[in-house]
Amino acid sequence: MSGGGVDIMDRFWSAPPVTRTIVAAMFIESALVHSGLINGLRVVFYSPWIFKFPPELWRLLSSFLLTGGGFSFVFDLYFMFTYASGLELNSPRFGQPGDFFTYVVFVASVILVIGGLVLSSHIFTQALLLAFIYTFAQDNRGKKAHFIILQIPVELLPWAMLTLTLIMGGPTAALQQGVGVIAAHLYDFLTRLYPTFQGGRNYIQTPAAIKRYFGADRSAFSHKTYGTSFRQGQNVPQQQSRGWTSGFSSGWSGRGAGRRLGGD
């Protein structure tokens with residue numbers, strides 16, 4: 001048991017920085033809410049409480065960090081760690097330091113606008129997770145993923161998860177989760193499809209200050225406490241993670257719907 005705990009902590013501390021921060025914040029916030037130490041209403045998105053004086057601005061972040069209760073608490077954390085770290089370490093989209101952070105800020109902003117202001121959603125954890133899965137699927141087109149007991153093309157994994165959410169949680173839950181696909185596809189369109197096929201400009205660039213913060217002014221690669229960071233043009237070693245009910249190349253995992261706050 002102790003060896004397993006050490007292995008989990010080793011994997012956590014070897015994770016890249018953005019992933020590690022998101023997962024740690026999810027664990028702390030969700031543990032406090034589900035244990036009753038913090039009222040869940042204090043962390044969800046609710047625009048009247050954000051646009052008042054003084055504004056409760058923490059809700060812009062905390063609404064992305066609340067997992068479901070029970071087994072969903074474990075699975076939400078695990079799959080967020082799996083897909084976020086896979087993208088941050090291995091995605092060809094994020095070759096420069098800070099690129100993954102810029103991606104997270106962009107998709108989270110789109111989810112806030114559509115999910116929070118248009119659909120009046122209050123928790124965005126599932127939408128953010130599905131955005132990560134959609135981007136991961138686009139990066140690995142042509143490969144296979146295991147979803148529950150089926151093997152499907154990885155491009156279908158986000159849609160399979162949405163279908164499961166529709167069955168288990170209903171149309172509203174599926175619509176709220178599906179905002180993540182919209183956000184991730186918009187990022188894909190603006191940064192890859194439009195510049196590549198239409199000759200347009202990519203306006204979503206990582207600011208120089210963010211690049212420097214994530215180590216752009218250091219050597220081509222350096223060993224850090226969270227692993228090895230590489231500059232664009234370097235070959236990044238691939239990493240496999242093990243899954244539960246679904247996977248990618250016998251490793252990557254998908255999940256079904258989590259529960260919304262106050263849901264049955």
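Residue numbers run from 1 in the order of the sequence given.
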**Q** Would F64 and L112 count as a side chain to side chain contact (heavy atoms under 4.5 Å, CB included) if you check the C-alpha gap in whole Å, the side-chain angles of each, and the deciding distance to 0.1 Å?
**A** CA-CA 9 Å; F64 288 92; L112 273 174; 3.7 Å; yes
**Q** Can you spot which of F189, Y194, Y187 makes a side-chain contact (heavy atoms from CB on, under 4.5 Å) with T191?
**A** Y187
**Q** Scan L129, V33, D76, I123 and name whichever one has a side-chain contact (heavy atoms from CB on, under 4.5 Å) with T67.
**A** D76
**Q** For residues L57 and L61: do they belong to one hydrophobic cluster (side chain heavy atoms under 4.5 Å, members Ile, Leu, Val, Met, Phe, Trp, Tyr)?
**A** no
**Q** Can you give me the closest heavy-atom contact between M80 and F132, atom names plus distance?
**A** SD-CE1, 3.4 Å
**Q** Is there any side-chain hydrogen bond (donor to acceptor under 3.5 Å, both in side chains) pair reaching into residues 99-110, and which pairs are they, with sequence neighbours excluded?
**A** D99-T206, T102-T206, Y103-T135
**Q** So if I apply the ring-ring contact (aromatic ring centres under 6.0 Å, His included) rule between W49 and each of Y46, F53, F51, which one comes out positive?
**A** Y46
**Q** May I ask whether I28 and V74 are part of the same hydrophobic cluster, defined by side-chain heavy atoms of I, L, V, M, F, W, Y residues being less than 4.5 angstrom apart, directly or through others?
**A** yes
**Q** Please identify each residue that fulfils side-chain hydrogen bond (donor to acceptor under 3.5 Å, both in side chains) with N202, with sequence neighbours left out.
**A** none
**Q** Which heavy-atom pair separates I111 from V179 by the least distance, and what is that distance?
**A** CA-CG1, 3.8 Å
**Q** Would you indicate whether F27, at its atom CZ, is surrounded by more than 12 heavy atoms from other residues, nucleotides or ligands within a distance under 6.0 Å?
**A** no
**Q** Do Y203 and I210 sit in one hydrophobic cluster, given that two such residues count as connected whenever their side-chain heavy atoms are within less than 4.5 Å of each other, even indirectly?
**A** no
